[in-house]
Student: 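Have a look at this one before I ask anything.
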Amino acid sequence: EVQLVESGGGLVQPGGSLRLSCAASGFIFGDYVLGWFRQAPGKEREGVSYINNSDGATYYEKSVKGRFTISNDNERNTVYLQMNSLKPEDAAIYYCAAGEGELHSVLAMGFDYWGQGTQVTVSS
């Protein structure tokens, strides 16, 4: 069974840092694009960052560029999102997703698998 399990969320003050993890199982990790999405109350879900596991190419939404870093560990089937300089507007439920293929095709066709999410709260 395919599973994506997020962890690492929590409460952090503005300017603080968190590292999210997404542990994947049940598929060939290296053949997939892994992405982080987030959804805040009253807002649409948005893509935050993506990594192509086959070559390590990364992509970032403009608002997080320079603050967030996505990385993977293919041996452990895990993708990470290091979040620094967190802002209140970063608060959301963060979801991990996986799609087979290259980034453009995955974005066009949709991600195949989704985790249940991990809550990130940014508050003083």
Student: Go through the side-chain N and O atoms of Ser17 and Asn84 and say whether any donor and acceptor fall under 3.5 Å apart.
Tutor: yes
Student: Under a 4.5 Å cut-off applied to non-hydrogen side-chain atoms, are Leu34 and Cys96 in contact?
Tutor: yes
Student: Does Glu61 reach the main-chain N or O of Lys65 with its side chain, forming a donor-acceptor pair under 3.5 Å?
Tutor: no
Student: Linking I/L/V/M/F/W/Y whenever their side-chain heavy atoms sit closer than 4.5 Å, directly or via other members, would Val12 and Met83 fall into one cluster?
Tutor: yes
Student: What's the separation between atom CD1 in Ile51 and atom SG in Cys22, rounded to the nearest 0.5 Å?
Tutor: 12.0 Å
Student: I'd like to know whether the aromatic ring centres of Phe27 and Tyr32 sit less than 6.0 Å apart in this structure.
Tutor: yes
Student: List the steps and the verdict of side chain to side chain contact (heavy atoms under 4.5 Å, CB included) for Val120 and Leu20.
Tutor: CA-CA 9 Å; Val120 172; Leu20 306 183; 4.1 Å; yes
Student: I'd like to know if Leu86 and Trp36 are part of one continuous hydrophobic network [Ile/Leu/Val/Met/Phe/Trp/Tyr, side-chain heavy atoms within less than 4.5 Å].
Tutor: yes
Student: What about Val79 and Leu107, same hydrophobic cluster or not, with Ile/Leu/Val/Met/Phe/Trp/Tyr joined at side-chain heavy-atom distances under 4.5 Å?
Tutor: no
Student: Measuring centre to centre across the rings, with the benzene-like ring taken for any Trp, is Trp114 within less than 6.0 Å of Phe37?
Tutor: yes
Student: Would you check if the side chain of Ser49 reaches a backbone N or O of Tyr59 as a donor-acceptor pair within less than 3.5 Å?
Tutor: yes
Student: Are the aromatic rings of Tyr50 and Tyr60 close, with centres under 6.0 Å apart?
Tutor: no
Student: Find out whether Tyr95 and Leu4 are in side-chain contact, i.e. whether some heavy atom of one side chain is under 4.5 Å from a heavy atom of the other.
Tutor: no
Student: Heavy-atom distance under 4.5 Å between the side chains of Leu81 and Leu18, does that happen here?
Tutor: no
Student: Is it true that, when you exclude Glu89 itself, more than 12 heavy atoms of the residues, nucleotides or ligands shown sit nearer than 6.0 Å to its CD?
Tutor: yes
Student: Can you tell if the side chain of Glu100 reaches within under 4.5 Å of the side chain of Asp112, non-hydrogen atoms only?
Tutor: yes
Student: Counting neighbours of CG on Leu11 that are heavy atoms of other residues, nucleotides or ligands and sit closer than 6.0 Å, is the number greater than 12?
Tutor: yes
Student: Ile70 vs Tyr80, test: side chain to side chain contact (heavy atoms under 4.5 Å, CB included). Steps then yes/no.
Tutor: CA-CA 6 Å; Ile70 191 169; Tyr80 305 94; over 6 Å; no
Student: Between Ser54 and Glu102, is any pair of side-chain heavy atoms under 4.5 Å apart?
Tutor: yes
Student: Any side-chain heavy-atom pair from Pro14 and Pro88 closer than 4.5 angstrom?
Tutor: yes
Student: Under a 3.5 Å distance rule, please check whether Arg67 uses its side chain to pair with a backbone N or O of Ser63 as donor and acceptor.
Tutor: yes
Student: Under a 4.5 Å side-chain heavy-atom rule over Ile, Leu, Val, Met, Phe, Trp and Tyr, are Phe29 and Tyr113 clustered together?
Tutor: yes
Student: What's the spacing between Ser105 OG and Leu103 CG if we round to 0.5 Å?
Tutor: 8.0 Å
Student: Drop me the distance from Thr69's OG1 to Arg19's CZ, to the nearest 0.5 angstrom.
Tutor: 10.5 Å
Student: Considering only heavy atoms from C-beta outward, does the side chain of Val48 approach that of Tyr94 to under 4.5 Å?
Tutor: yes
Student: Mark yes or no for whether Glu6, through its side chain, and Gln116, through its backbone, hold a donor-acceptor pair below 3.5 Å.
Tutor: yes
Student: Looking only at heavy atoms, what is the nearest atom pair of Asp90 and Ser85, with distance?
Tutor: OD2-O, 4.3 Å
Student: Check whether any side-chain N or O of Asn53 sits under 3.5 Å from a backbone N or O of Asn72 as a donor-acceptor pair, and report yes or no.
Tutor: no
Student: Arg38 versus Glu46: any side-chain heavy-atom pair under 4.5 Å?
Tutor: yes
Student: How close do Gln119 and Ile93 get, counting heavy atoms only, and between which atoms?
Tutor: NE2-CG1, 3.4 Å
